[in-house]
Structure formats: structure tokens, C-alpha cells
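Take a look at the structure below.
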Amino acid sequence: MAERGEFEKLKGFNNCQIYWWHDLLSLSETGIKFMNRYVGVLIILGTITGAFMSAGALAPAIDLMSLVVVIAVGVGHAFGAKDGENRITRFGDGCVRGGWLGLLIGIIIILNVDAAAQMDFTMIIPAMAVAWLTPLYGYFFKLISMQLD
């Protein structure tokens, strides 16, 4: 049998446990803001993924080189942040700029190929679709950085 002192300790533990669950369930204002940020990010991801999936597949929206160009310009732009500037905001702004630069690079590359001179649209149109991915990625990362900022 437990002595009276041990019972009181156990009773105190149970009360602490109840208060701990109460604190976990009642979110503070900071916790709600934190949760809203990540719920917003999930909504953005779900909407964009759903849009591509409703068109048939997600594969046409994925190009590694376009992604590298956008992220590299975004990271470079974030490293240039001055004192007091938010690096996440700078990253998002850099991604948008990198997206437009990637589109221009893609168009220049497409127009310098023999298929463009021969007006071979079976090669030009898929290449244009890939070139337009960079602004899409840029604005996507800008949206995400706005949510996380």
C-alpha cells in the first residue's frame, strides 16, 4: 500500500498532466499564427498540385533545370540582404526575378535551335512549356515566402 505522501505526489502528477493537456489544446495567439502559416502553405501546395492533376498529370510541371535557375537566383538575392531586411522576403523576390530571367533564357535558347527556323511546332511548343515553368516556380516560391515571412 502506498503511504499518504506517495499518494499526494501521484495526485499532484495527475493534476499536472491534466493541466499539460489543457495547455496543449488551448492554443495561444502565437500558436494560431504559426498554425495558420502552415495551413496556408498546405492550401497553396494542394491547389497548385490539384490544378495540374486535374489537367492529367503532375509530370509536365516538373523540370529540374528550371527549378535550379529559380532557386539559385533566389538564394543569391537573399544573400544580398542588407541589415534589417528579411532574407525570406528577399528570397521570394529573387525567385520571381529568377523566373523571368529563366523565361528569357529559355526563349533565347529555343529561338537559336534549327526547329525554330523550320517552324517545327512539335518541338517549339513543348520547349515553350518548359520555359514558362520558371515564372511559375518563381511566383510559387514568392507565395510560399510570403506565407513564411
Side-chain angles (χ1 to χ4, degrees), residues 9-10 12-149:
K9 288 179 191 175
L10 185 61
F13 174 75
N14 286 338
N15 287 339
C16 289
Q17 189 176 20
I18 290 170
Y19 290 128
W20 179 77
W21 280 104
H22 181 266
D23 289 343
L24 182 68
L25 293 177
S26 62
L27 294 173
S28 65
E29 186 176 326
T30 305
I32 291 172
K33 287 180 183 178
F34 180 79
M35 185 179 69
N36 285 343
R37 283 184 184 178
Y38 292 103
V39 168
V41 169
L42 289 175
I43 290 170
I44 292 168
L45 286 171
T47 302
I48 292 173
T49 302
F52 276 104
M53 292 304 289
S54 70
L58 191 60
I62 299 172
D63 183 65
L64 184 61
M65 186 49 76
S66 298
L67 188 63
V68 167
V69 167
V70 170
I71 290 176
V73 173
V75 168
H77 197 65
F79 275 124
K82 298 177 181 89
D83 290 336
E85 283 186 307
N86 190 334
R87 289 189 189 271
I88 295 174
T89 302
R90 291 275 300 193
F91 173 76
D93 293 341
C95 285
V96 170
R97 291 178 175 108
W100 287 110
L101 288 172
L103 174 65
L104 293 173
I105 292 167
I107 290 172
I108 290 168
I109 291 171
I110 291 167
L111 294 177
N112 281 319
V113 176
D114 289 334
Q118 298 170 359
M119 300 298 280
D120 184 4
F121 290 109
T122 59
M123 293 183 71
I124 294 173
I125 299 300
M128 284 298 293
V130 170
W132 277 101
L133 284 177
T134 55
L136 174 72
Y137 290 160
Y139 282 109
F140 172 75
F141 285 119
K142 175 64 178 175
L143 276 172
I144 299 298
S145 71
M146 289 171 66
Q147 282 294 108
L148 299 178
D149 184 23

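FYI, the numbering just counts along the sequence from 1. For the numbers below, each heavy atom of this structure counts, side chains included, while hydrogens, waters and symmetry mates do not.
Side-chain contact between L136 and L133 is present, with at least one heavy-atom pair separated by less than 4.5 Å. Between V96 and W100, the closest side-chain pair of non-hydrogen atoms falls below 4.5 Å. Residues V41 and L148 meet the side-chain proximity criterion, which asks for heavy atoms closer than 4.5 Å.
Judged as a salt bridge (charged side-chain N to carboxylate O under 4.0 Å, His left out), the pairs with a partner in residues 62-88 (not counting sequence neighbours) are, in order, E85-R90. Screening residues 112-121 for side-chain hydrogen bond (donor to acceptor under 3.5 Å, both in side chains) gives D120-T122 as the qualifying pairs, with residues at least two apart or on separate chains.
Distance check, rounded to the nearest 0.5 Å: OH of Y139 to CE of M146 gives 11.5 Å. With rounding to the nearest 0.5 Å, the separation of OG1 in T47 from CG in L143 is 10.0 Å. Taking CE of M53 as the start and CD1 of I48 as the end, the distance is 14.5 Å to the nearest 0.5 Å. To the nearest 0.5 Å, atom CG of residue D93 and atom CD1 of residue I88 are 12.0 Å apart.
Smallest separation of non-hydrogen atoms from H77 and G94: CD2-N, 3.4 Å. S54 approaches A51 most closely through the heavy-atom pair OG-O, 2.8 Å. Nearest heavy atom pair, residue I110 against residue A131, reads CD1-CB, 4.2 Å. Between S145 and G92, the closest heavy-atom pair is OG-CA, 3.3 Å.
Every residue two or more places apart in sequence or in another chain that forms a side-chain contact (heavy atoms from CB on, under 4.5 Å) with I109 is listed here: I105. Partners of L67 by side-chain contact (heavy atoms from CB on, under 4.5 Å), not counting sequence neighbours, listed by chain and number: I71, Y137, F141. With sequence neighbours excluded, no residue forms a salt bridge (Lys or Arg N to Asp or Glu O under 4.0 Å) with R97. Taking F52 as the reference, nothing meets the ring-ring contact (aromatic ring centres under 6.0 Å, His included) condition, with sequence neighbours excluded.
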Verdict with reasoning, N86 to F91, per side-chain contact (heavy atoms from CB on, under 4.5 Å): CA-CA 9 Å; N86 190 334; F91 173 76; over 6 Å; no
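When atom types are taken as modelled, the side chain of T49 and the backbone of G46 share no donor-acceptor pair closer than 3.5 angstrom. Side-chain atoms of T134 never come within 3.5 Å of backbone atoms of S66 as a donor-acceptor pair (strictly under, hydrogens ignored).
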